[in-house]
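What follows is a single structure, written as structure tokens, with notes after it.
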Amino acid sequence: MTKFGMEEKKEIYERYIGKWITIYPVGMHSNFSGKLVEIIDGYGILKPFQSGKIKEGKLVRMLIKGDGESLVPLFGSAVEPTTEGDITGHCEISNKRDEEKSSK
């Protein structure tokens with residue numbers, strides 16, 4: 001069978017399995033951070049991962065641990081190495097900035 005289109009380069013992303021990364025998917029105006037634990041059908045599974053929850057009517061950014069996971073498209077995405085500390089630090093700074101904005 002003839003296959004048309006670009007081939008998926010899974011091996012490019014496999015080197016990041018078990019590492020903390022930020023993924024910048026093509027065509028999306030957001031990024032996704034967490035620990036890459038697996039790649040399935042061109043998607044990276046981040047666990048734990050950065051996300052936000054609504055608490056007392058406010059968005060609070062945090063590192064989500066436990067049973068949850070984030071499924072992020074990898075094909076064509078840029079990947080940047082990071083650390084757990086950098087992710088949690090970013091959450092803390094963003095939460096503080098939002099708190100200061102709302103108190104003005």
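Under the 4.5 Å side-chain criterion, counting only non-hydrogen atoms from C-beta, Val72 is in contact with Pro25. Side-chain contact between Pro48 and Trp20 is present, with heavy atoms from C-beta onward closer than 4.5 Å. A heavy-atom distance below 4.5 Å is found between the side chains of Gln50 and Cys91. Put simply, the side chain of Ile21 reaches to within 4.5 Å of the side chain of Leu46, judged on heavy atoms. Counting heavy atoms from C-beta outward, Leu36 and Ile45 have side chains that stay 4.5 Å or more apart. Residues Lys47 and Glu38 fail the side-chain proximity criterion, which asks for heavy atoms closer than 4.5 Å. The shortest distance between side-chain heavy atoms of Met62 and Asn95 does not fall below 4.5 Å.
Summarising the geometry, atom NE2 belonging to His90 is positioned 13.0 Å from atom CG belonging to Leu63; distances are rounded to the nearest 0.5 Å. Here Phe32 contributes atom CZ and Leu74 contributes atom CG; the two are 11.0 Å apart, rounded to the nearest 0.5 Å. Remark: Ile87 CD1 to Ser33 OG distance equals 4.5 Å, nearest 0.5 Å. Note that CD1 of Ile39 is 13.5 Å distant from CZ of Phe75, once rounded to the nearest 0.5 Å.
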Checklist entry - Taking it one step at a time, do Ile23 and Asn31 satisfy side-chain contact (heavy atoms from CB on, under 4.5 Å)? => result CA-CA 6 Å; Ile23 301 170; Asn31 59 62; over 6 Å; no
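Applying the side chain to side chain donor-acceptor pair (under 3.5 Å) test to pairs two or more places apart or on separate chains, those with a residue in residues 65-79 are Lys65-Glu84.
Residue Val37 comes nearest to Ile17 through the heavy atom pair O-CG2, 3.7 Å, listed as atom of the first residue, atom of the second, then distance. The shortest non-hydrogen separation linking Ile64 to Ser51 is CG1-CB, 3.7 Å. Smallest separation of non-hydrogen atoms from Tyr16 and Pro81: CE2-CG, 4.3 Å. Between Arg61 and Ser94 the shortest heavy-atom distance is CD-CB, 3.5 Å.
When the side chains of ILVMFWY residues are joined at heavy-atom separations under 4.5 Å, either directly or via intervening members, Ile40 and Leu71 end up in a single hydrophobic cluster. With hydrophobic clusters built from ILVMFWY side chains whose heavy atoms lie under 4.5 angstrom apart, Ile93 does not share a cluster with Phe49.
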